[in-house]
> 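Okay, handing you the structure first.
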Protein chains: 2
Amino acid sequence: MRAELMGEITDVVRRHLARDGAAGLSLRAVAREMGMVSSAIYRYYPSRDDLLTALIIDGYNAVGEAVERADAACPRDDHLARWFATGHAIRDWALAHPHEYALLYGSPVPGYRAPEDTIAPATRTAVVLCGVIGDACQTGTLDPPSGFPPPAESFAPDAALIREQVMPDLPDAVIARMVTAWASLLGNVSFELFGQFNNVITDRAALFDHTLRSLGRYVGLPA
Amino acid sequence: MRAELMGEITDVVRRHLARDGAAGLSLRAVAREMGMVSSAIYRYYPSRDDLLTALIIDGYNAVGEAVERADAACPRDDHLARWFATGHAIRDWALAHPHEYALLYGSPVPGYRAPEDTIAPATRTAVVLCGVIGDACQTGTLDPPSGFPPPAESFAPDAALIREQVMPDLPDAVIARMVTAWASLLGNVSFELFGQFNNVITDRAALFDHTLRSLGRYVGLPA
DNA sequence: TAACTACCAGAGCGCCGCTCTCGTTTCGAT
DNA sequence: ATCGAAACGAGAGCGGCGCTCTGGTAGTTA
């Protein structure tokens with residue numbers, strides 16, 4: 001009962017979010033649409049920020065699941081196909097849910113600090129991407145191009161942590177490239193979504209494909 | 001007189017923005033601090049959005065100028081040094097003005113659409129970066145690594161436009177790499193600023209340096 | 001039956017962006 | 001010097017916001 005109502009609230013909030021964006025989200029409007037009064041919402045979520053937190057967690061899980069499904073649909077030994085599929089899944093999800101994407105990867109909502117509960121779902125997407133590269137490395141398919149700089153020594157502890165959690169047996173250099181590639185990938189999606197490509201790039205799908213290919217090659221996938 | 005007061009308003013607004021972020025910006029609070037009543041502000045800026053537009057233009061010009069100065073301080077034929085200087089200038093400015101950076105490169109403010117006046121200052125930073133690569137190409141120093149995919153044919157018109165404006169005589173492939181590198185660079189800055197590197201990367205300056213080097217190599221600068 | 005709990009409605013507080021009116025000041029043209 | 005227009009700031013007010021507090025009601029347990 002209570003869980004159902006909480007779900008119904010987040011559903012309505014998600015609809016409002018999709019239409020108006022995070023900052024335009026009005027708790028009162030949501031309550032109106034549900035035939036309630038605004039104060040009733042507070043029985044379920046103690047504040048607007050907690051509602052946002054729930055949406056953020058849902059968002060990370062949604063994009064994570066989309067990426068996982070895209071990955072699962074590929075033959076596991078075709079790492080390049082998995083790389084493409086997951087990369088495009090991220091972009092497709094972002095284009096389909098721009099405001100939710102902005103909530104996850106855009107400027108943080110002011111006065112809002114992400115609670116601990118969000119970090120686990122947040123990693124979900126990255127874990128898949130790292131898994132692809134990890135698998136490619138373990139099957140000996142990975143061939144990172146030379147001529148690129150190695151990471152600093154100060155990166156070693158971070159690399160150790162990442163390696164331990166998602167990329168077993170990968171050298172620091174590949175992990176560093178993967179971090180760079182990951183941030184670059186999302187950066188390109190954000191650029192497109194946030195309008196930085198307006199009046200500059202017309203065929204954005206093609207450019208993203210080019211970027212995805214390049215980043216894949218950079219971390220060691222075949223061209 | 002009028003211009004002075006408008007400047008004073010934007011100064012106060014900038015201070016508030018730096019402290020509270022864009023969404024927390026209150027026109028009334030700004031008016032209070034200036035000893036005015038909120039309605040008086042509307043004599044100078046017809047709406048809160050117009051005030052934001054002024055701030056956005058200022059922000060693009062500020063980061064653009066910082067990058068231009070960093071570039072000018074380098075010997076013009078040391079393209080790698082210029083690449084580093086400009087790249088770090090972007091990151092340094094972003095770290096020093098996180099909320100303004102978010103206003104420029106973060107999620108767009110809901111209901112707000114960027115007017116024409118912003119696009120010219122917005123390109124300023126990118127123009128410098130492109131100029132570095134353009135100079136490197138014209139002196140024959142540019143050596144883009146092979147093994148990376150070429151851009152799609154659909155990119156040709158966009159490339160022509162970019163070439164005409166800021167990167168004369170550069171082949172489409174380099175221009176495409178430059179676009180990717182540009183978005184990737186900002187993506188890495190955004191990742192750091194927006195908290196995506198929390199609990200993951202400790203020495204973020206070193207990682208950014210690594211990324212900057214890699215992207216420079218990718219577009220054709222020496223390693 | 002009585003006590004307790006979960007729940008929702010309503011009023012209200014202080015904030016917000018924005019509009020409108022009204023008295024004052026400033027300033028250029030006559 | 002005078003007059004009229006424009007610019008300006010103060011104040012009140014509108015509707016909306018997040019959030020709190022108080023009460024009343026339905027359902028459950030003892």
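All figures in this text were calculated on a predicted structure; none of them were measured in a lab. No hydrogens, no waters, no symmetry mates; every other heavy atom, side chains included, goes into these values. Convention: sequence-line order gives letters A, B, ...; per-chain numbering from 1.
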> Contact class for B:Tyr45 (heavy atom, under 4.0 Å): base, sugar-phosphate, or nothing?
nothing
> Can a donor-acceptor pair be found between the side chains of B:Asp20 and B:His99 at a distance below 3.5 Å?
no
> Please report the distance, rounded to the nearest Å, between OH in B:Tyr44 and C1' in D:dC8.
6 Å
> So what does A:Leu51 touch, heavy atoms closer than 4.0 Å: a base, only the sugar-phosphate, or nothing?
nothing
> From the list C:dG17, D:dG18, C:dA9, which nucleotide is the closest neighbour of the side chain of A:Ser26?
D:dG18
> Atom CZ of B:Arg32 and atom P of D:dG9: how far apart are they, to the nearest Å?
18 Å
> Measure the distance from OH on A:Tyr42 to P on C:dG12 and round it to the nearest whole Å.
18 Å
> Are A:Asp71 and A:Thr86 close enough, and set up right, to give a side chain to side chain donor-acceptor pair (under 3.5 Å), and what steps lead you there?
CA-CA 6 Å; A:Asp71 182 37; A:Thr86 50; 5.9 Å; no
> Given the structure, check if the side chain of A:Ser39 and the base of C:dG10 hold any donor-acceptor pair shorter than 3.5 Å.
yes
> Output the rounded distance in Å from CG (A:Leu27) to P (D:dT20).
11 Å
> Closest approach to the side chain of B:Met36, judged atom by atom: which nucleotide of D:dA10, C:dG17, C:dA9 is it?
D:dA10
> Measure CG/B:Leu52 against P/C:dG17 and give the value in whole Å, please.
10 Å
> Select base, sugar-phosphate, or nothing to describe what B:Ser38 touches, counting heavy atoms under 4.0 Å on all strands.
base
> Check every atom of C:dC16, C:dG12, D:dG9 against the side chain of A:Arg28 and return the nucleotide holding the closest atom.
C:dG12
> Calculate the interatomic distance between B:Arg43 atom CZ and C:dG17 atom C1'; express it in whole Å.
16 Å
> Using whole Å, report how far CG of B:Leu5 lies from P of D:dG9.
6 Å
> Is the shortest side-chain N/O distance from B:Arg48 to OP1 or OP2 of C:dG17 below 4.0 Å?
yes
> Starting at CD1 of B:Ile41 and ending at P of D:dA10, how long is that distance when rounded to a whole Å?
10 Å
> Give a yes or no on whether a salt bridge exists between B:Asp11 and B:Arg15, defined as a side-chain N under 4.0 angstrom from a carboxylate O.
no
> Looking only at side-chain N and O atoms, does A:Thr53 offer a donor or acceptor that is under 3.5 Å from a partner on A:Asp50?
no
> Does either side chain, that of A:Tyr101 or that of A:Ser190, offer a donor lying less than 3.5 Å from an acceptor on the other one?
yes
